[in-house]
Amino acid sequence: MAQQEDLFKKVIAHCKEYGFVFPSSEIYDGLGAVYDYGQLGSELKNNIKRYWWEAMTLLAPNVVGIDSAIFMHPKIWKASGHVDAFNDPLIDNKDSKKRYRADVLIEDQLAKIEEKINKEVAKAAKKFGESFDEAQFRSTNGRVLEYQAKWEELHNRFAAAMNDTNLEELRQIILDYEIVCPISGTRNWTEVRQFNLMFATEMGSTADGAMKVYLRPETAQGIFVNFLNVQKTGRMKVPFGIAQIGKAFRNEIVARQFIFRMREFEQMEMQFFVRPGEELKWFDFWKDLRLRWHKALGLGDKKYRYHDHEKLAHYANAATDIEFEMPFGFKEVEGIHSRTDFDLKRHEEFSGKKMQYFDPELGESYVPYVIETSIGVDRMFLSLICGSYEEEALEGGDKRTVLRLPAALAPVKLAILPLVRKDGLDAKAQEIYDELKFDFNCQLDEKDSIGKRYRRQDAIGTPYCVTIDHQTMEDGTVTLRHRDTMQQERVAISELSRVLYEATSLKSLLRKI
Ligand code: GAP
């Protein structure tokens with residue numbers, strides 16, 4: 001665990017050192033849970049978004065994209081339930097004066113029990129070696145079963161309290177399990193209160209009678225309220241989907257784990273409108289397709305798992321998360337929800353406008369049911385960095401830090417390195433750069449030894465480097481170095497474009513889904 005924490009710290013430092021992610025307003029000591037993406041981070045983020053957008057709008061069945069405004073009519077958030085129910089349960093420690101989310105304190109307690117179970121399993125695995133049967137050990141070992149029973153008891157109490165929004169019970173759980181404030185170490189807790197997560201501001205001058213508006217906490221509502229606009233102008237037939245990428249804002253109380261939980265973040269959401277009664281078939285379809293999108297990145301299938309929701313929101317009839325193994329455990333990166341006709345019906349009710357679709361095949365009108373896929377760009381970014389960061393020991397006691405990013409998403413595709421800055425090698429490097437720059441993000445680097453330049457490119461995840469040497473001037477070939485294997489081969493300059501396209505184009509990645 002300490003090792004994983006250490007790894008996470010290194011990842012955060014690496015992101016800053018190489019221009020991926022900076023704390024926002026850093027010269028003013030930062031702004032809590034707000035981050036800026038640097039020169040490489042914004043390239044990577046754009047590539048993630050392009051991968052998602054093209055998978056949705058080019059490959060998925062009948063999906064089109066929109067870009068709706070961040071400000072929306074405030075009634076929308078009443079209709080969606082966010083004004084009344086988008087709350088977190090808060091608790092303060094009277095000694096440290098620190099504020100916590102009551103549910104997160106309890107989740108941390110659950111994680112501690114899980115950790116104990118995992119320690120027992122790891123110990124036994126070490127002891128028994130090859131012959132170790134993990135499933136059998138988990139189902140028979142006395143200590144594991146004891147921890148498991150404790151976990152279930154706490155989990156059931158917690159789930160019931162959350163489901164019933166029972167704030168007193170949440171507090172009672174914190175007291176019963178003797179959960180202490182990590183700062184003061186005491187159990188001197190206040191009552192639990194609800195806190196709305198939406199940021200509000202005012203539109204128009206006060207003299208005109210300003211209107212309270214919200215910064216959207218999700219992009220999905222911009223899709224729901226445009227459902228008929230898109231359906232009619234695009235002559236879309238159910239089933240069809242609307243995709244959108246955009247900023248969302250939540251006044252998160254427990255903002256931690258770097259860009260995992262931010263106050264300003266970006267979502268990629270898609271609402272798929274289907275005939276009532278067909279939603280579970282489409283839920284399975286999207287559940288499968290979205291996991292394939294993740295796995296195509298090649299970070300390792302074992303790093304992903306589904307987490308099906310046992311307790312569903314009152315309007316949902318199925319929901320699952322796709323979780324990724326971060327250094328701090330398996331965490332939600334994407335949610336897939338079958339939201340029935342809840343949102344469209346609520347907008348019908350609150351706007352007084354019909355949100356129905358006339359199905360020409362059935363000869364009837366209905367409010368479509370909706371399957372939603374919702375993924376955070378920043379969490380996806382974090383999963384990519386964590387999943388590809390490696391400190392590799394090399395022969396001869398040397399070490400390198402390498403980001404094994406999927407080539408199609410890497411910020412820089414090719415580094416062009418003249419061996420020396422003379423004999424025409426530098427001019428040749430510039431010539432290659434000028435030819436390839438239209439299709440690929442290339443970096444021309446002439447400074448320091450070749451070894452140092454390779455290390456710099458490894459650290460930012462550049463999949464290929466070419467070295468221009470004296471032989472290049474004679475036969476028009478360069479040395480092509482592969483990031484992951486560090487192997488080198490001689491390639492004709494005229495071949496570079498084709499080799500790079502095959503290995504790094506988005507198309508090559510999209511084909512793997
Ligand atoms: N429209 C449904 C919706 O917004 P959600 O589970 O609240 O569902 C969807 O959010 C995704 O948005 C999450 O799986 C996560 O990737 C991302 N997300 C949510 N809150 C976030 C935050 N504070 N910081 C970063 N990403 C966040």
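Counting convention: from 1, in listed order, for ligands and their atoms alike. Here the structure is a predicted model, which is why all the values come from computation and not from measurement. FYI, side chains are in, hydrogens and waters are out, and symmetry mates aren't considered; it's all heavy atoms of this structure.
- Here the CZ atom belonging to Phe328 is positioned 10.0 Å from the CZ atom belonging to Phe258, to the nearest 0.5 angstrom.
- By the criterion of a heavy-atom distance under 4.0 Å, both the backbone and the side chain of Arg261 are placed next to ligand 1.
- Residue contacts with ligand 1 for Glu269 involve side-chain atoms from C-beta outward but no N, CA, C or O (heavy atoms, distance under 4.0 Å).
- In this structure a side-chain-to-backbone donor-acceptor pair under 3.5 Å is present from Arg483 to Leu405.
- In terms of polar-atom proximity, Phe265 is not counted as a contact of ligand 1, lacking any N or O under 3.5 Å from an N or O of the ligand.
- Side chains of Tyr100 and Leu90 form no contact here, defined as non-hydrogen atoms less than 4.5 Å apart.
- Electrostatic pairing of Glu279 and Arg339 does not count as a salt bridge here, judged by no charged N lying under 4.0 Å from a carboxylate O.
- Close approach to Glu332 involves these atoms of ligand 1, each under 4.0 Å from a residue heavy atom: 6 (O), 13 (C), 14 (O).
- No N or O atom of Ile375 sits closer than 3.5 Å to an N or O atom of ligand 1.
- For Phe285, the ring-ring contact (aromatic ring centres under 6.0 Å, His included) criterion is met by Trp282, not counting sequence neighbours.
- You'll find the side chain of Met162 reaches within 4.5 Å of the side chain of Asp103, heavy atoms only.
- Of all atoms in ligand 1, listed by their number and element, those nearer than 4.0 Å to a heavy atom of Val333 are 14 (O), 15 (C), 16 (O).
- Summary of contacts: the protein heavy atom closest to atom 17 (C) of ligand 1 is Gly376 CA, 3.7 Å.
- Applying the side-chain hydrogen bond (donor to acceptor under 3.5 Å, both in side chains) rule to Arg250 yields no partners; only residues at least two apart in sequence or on another chain are considered.
- Shown in contact with Met262 at under 4.0 Å from a heavy atom are these atoms of ligand 1, numbered in order with element: 22 (C), 23 (N), 24 (N), 25 (C).
- Below 4.0 Å from some heavy atom of Glu372 lie the following atoms of ligand 1, by number and element: 1 (N), 2 (C).
- With 3.5 Å as the limit, one finds no donor-acceptor pair spanning the side chains of Asp321 and Tyr306.
- Between Val21 and Lys16, every side-chain heavy-atom pair lies at or beyond the 4.5 Å cut-off.
- Checking only distances, His337 never comes within under 3.5 Å of ligand 1, N or O to N or O.
- At a 3.5 angstrom cut-off on N or O pairs, Arg250 counts as close to ligand 1.
- Cation-pi geometry between Arg379 and Phe260 is met: under 6.0 angstrom from the ring centre, within 45 degrees of the axis.
- At a 4.0 Å heavy-atom cut-off, ligand 1 does not touch Arg263 at all.
- Ring planes of Tyr37 and Phe381: perpendicular class, angle over 60° (limits at 30 and 60°).
- Protein heavy atom nearest atom 10 (O) of ligand 1, with residue, atom name and distance: Gln267 NE2, 3.5 Å.
- Ligand 1 has no N or O atom lying under 3.5 Å from any N or O atom of Arg339, backbone or side chain.
- Regarding atom 9 (C) of ligand 1, its nearest protein heavy-atom neighbour is Ser374 OG, 3.0 Å.
- Between Phe273 and Phe227, the gap from one ring centroid to the other is short of 6.0 Å.
- The nearest protein atom to atom 15 (C) of ligand 1, hydrogens excluded, is given as Arg379 NH1, 3.5 Å; this is a heavy-atom distance.
- Taking only nitrogen or oxygen atoms, main chain and side chain alike, Ile259 does not reach within less than 3.5 Å of ligand 1.
- Each of the atoms 24 (N), 25 (C), 26 (N) of ligand 1 lies under 4.0 Å from some heavy atom of Phe260.
- When non-hydrogen atoms are compared, ligand 1 lies under 4.0 Å from neither the backbone nor the side chain of Asp321.
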